[in-house]
2 protein chains.
Amino acid sequence: MFYTYLCFRIQFVRMMDNKKFEKIARALSDASRITILQQFKKKKGCLYCAEITELLDLTQPSVSHHLKQLVDADLLIPEKEGRNLKYVLNEEVLDDYISSLSALKD
Amino acid sequence: MFYTYLCFRIQFVRMMDNKKFEKIARALSDASRITILQQFKKKKGCLYCAEITELLDLTQPSVSHHLKQLVDADLLIPEKEGRNLKYVLNEEVLDDYISSLSALKD
DNA sequence: TTTAAATATTTAAATGTTTCGATGTATTTA
DNA sequence: TAAATACATCGAAACATTTAAATATTTAAA
């Protein structure tokens, strides 16, 4: 006797308006910010502000500015830990953005 | 007797460098250009320059500028037809961009 | 071969972005 | 409580983008 399992995943896509889409695209349109996001892959989706500053060959105010763009676009979620700041990658917003892009093809 | 078909699609993902990714994201970070891309859904993936100019409440040179951004990012493929210009949505590049975004999550 | 139509380019003004130095604000440690 | 650490904000310079008016180019039609 065999059982066949059909596995699938339901993704609840929060529909994104154009303003939001534009903001995310703009946040993604900078070399430093792309570098930042790619680092999350290596650190299991969470990174500290200080680690990012080391990574980037930019001054601390510049890094702060870039992180603000990513947080304002909801791509990163900031979590305060004492006087340090931890950032978590917001995969849901990334998925919503991807869904909006896919919708352009239908 | 039953036959079960497992259907799948192999997508050949052309790996995209950060420069390219940045260019596409920037092309997508403007309200007018988002509006342009969304129109393709309604017109089966191809649109004429004149249709886009009507759509956009901008002067012809401005529209020309926006279309250039999208073409330079390879999101649109221009095809000359006499003195008209037809644009075709480049779904492959869109897929590559989506793949690069998905890769941020791994 | 003029003339008209469709699109591109140039130029310039207005606006937005990136960057850094200087400074401000929390928070922890001495 | 004073000093140190981590991060944010302000102000200004450099640079990029958006937009439109004017003009150029390409192609088709008269």
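Sequence lines set the chain letters: A, B, ... in the order given, protein chains first and strands last, and positions in each chain run from 1.
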(message) With heavy atoms of chain B within less than 4.0 Å as the criterion, where does contact along DNA chain C begin and end?
(response) dA4(C) to dT9(C)
(message) Taking Met16(A) as the starting point, is it possible to reach Ile77(A) by hopping between hydrophobic residues whose side chains are less than 4.5 Å apart?
(response) no
Of all the heavy-atom pairs spanning [X] and [Y], show the shortest one and how long it is.
{"X": "Ser32(A)", "Y": "Leu56(A)", "answer": "O-CD2, 4.0 Å"}
{"X": "Ile36(B)", "Y": "Leu47(B)", "answer": "O-CD1, 4.1 Å"}
{"X": "Asn18(A)", "Y": "Gln38(B)", "answer": "OD1-NE2, 2.8 Å"}

(request) Quick one: list whatever passes side-chain contact (heavy atoms from CB on, under 4.5 Å) with Lys86(A), sequence neighbours left out. (result) Cys46(A), Tyr48(A), Glu79(A), Glu81(A), Val88(A)
(message) Under the rule for side-chain contact (heavy atoms from CB on, under 4.5 Å), what residues qualify as partners of Ala73(A), not counting sequence neighbours?
(response) Lys23(A), Ile24(A), Ala27(A), Leu75(A)
(request) For atom CG of Asp57(B), decide whether the heavy atoms of other residues, nucleotides or ligands shown that lie under 6.0 angstrom number more than 12. (result)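 No, not enclosed.
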(message) With a 6.0 Å cut-off (strictly less than), is the heavy-atom count around CD of Glu92(B), excluding the residue itself, greater than 12?
(response)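 No - once you tally the heavy atoms of other residues, nucleotides and ligands closer than 6.0 Å, there are 12 at most.
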(message) Assuming nearest nucleotide by heavy-atom distance, tell me which of Leu67(A) and Arg26(A) is located more 5' along DNA chain D.
(response)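 Going by which nucleotide is closer to the 5' end, it is Leu67(A).
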Return all side-chain donor-acceptor pairs below 3.5 angstrom for residues 62-69 of chain B, not counting sequence neighbours, or 'none' if the list is empty.
from	atom 1	to	atom 2	distance (Å)
Ser62(B)	OG	Thr59(B)	OG1	3.2
His66(B)	ND1	Arg33(B)	NH1	3.0
Lys68(B)	NZ	Asp72(B)	OD2	3.3

(request) Go through residues 31-65 of chain A and report each residue with a non-hydrogen atom lying under 4.0 Å from DNA chain D, sorted by number. (result) Cys49(A), Ala50(A), Gln60(A), Pro61(A), Ser64(A)
(message) Counting only heavy atoms and a strict 4.0 angstrom limit, can you tell me which residues of residues 68-84 of chain B come near DNA chain D?
(response)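 Under 4.0 Å from DNA chain D: Gln69(B), Lys80(B), Gly82(B), Arg83(B).
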(message) Angle between ring planes, Tyr97(A) versus Phe21(A), binned at 30° and 60°: parallel, tilted or perpendicular?
(response) tilted
(message) Only pairs with both distances under 3.5 Å count, Watson-Crick or wobble alike; so what is the partner of dA22(C) in this structure?
(response)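 Base partner found: dT9(D).
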